[in-house]
Amino acid sequence: MLWSDPPDEPPEELRDVQAKLRRMGIVLAVAAVVLMLLLAGR
């Protein structure tokens with residue numbers, strides 16, 4: 001890689017979308033665990 005190459009960092013809006021997707025994935029995983037616990041408790 002040359003010193004004149006542009007940085008590999010994604011643009012700001014792409015980073016925001018990635019952060020939102022990561023948060024949504026965490027929320028869905030927690031919701032799935034809670035749902036399984038509720039169904040197993042019946």
Task: Any residue meeting salt bridge (charged side-chain N to carboxylate O under 4.0 Å, His left out) with Glu13, in chain and number order, not counting sequence neighbours - done: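 Scan of Glu13 (salt bridge (charged side-chain N to carboxylate O under 4.0 Å, His left out), adjacent residues dropped) gives none.
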
Open item on the list: Is there a path of hydrophobic side-chain contacts, each under 4.5 Å between heavy atoms, that joins Leu35 and Val27?
Closed with: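 Each belongs to a different hydrophobic cluster.
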
- [ ] Could you list who else is in Met36's hydrophobic cluster, with ILVMFWY side chains joined at under 4.5 Å, directly or through other members?
- [x]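 Taking Ile, Leu, Val, Met, Phe, Trp and Tyr as members, Met36 stands alone, with no cluster partners.
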
Task: Worked check of side chain to side chain contact (heavy atoms under 4.5 Å, CB included) between Leu21 and Met24 - done: CA-CA 5 Å; Leu21 285 174; Met24 209 167 65; 4.0 Å; yes

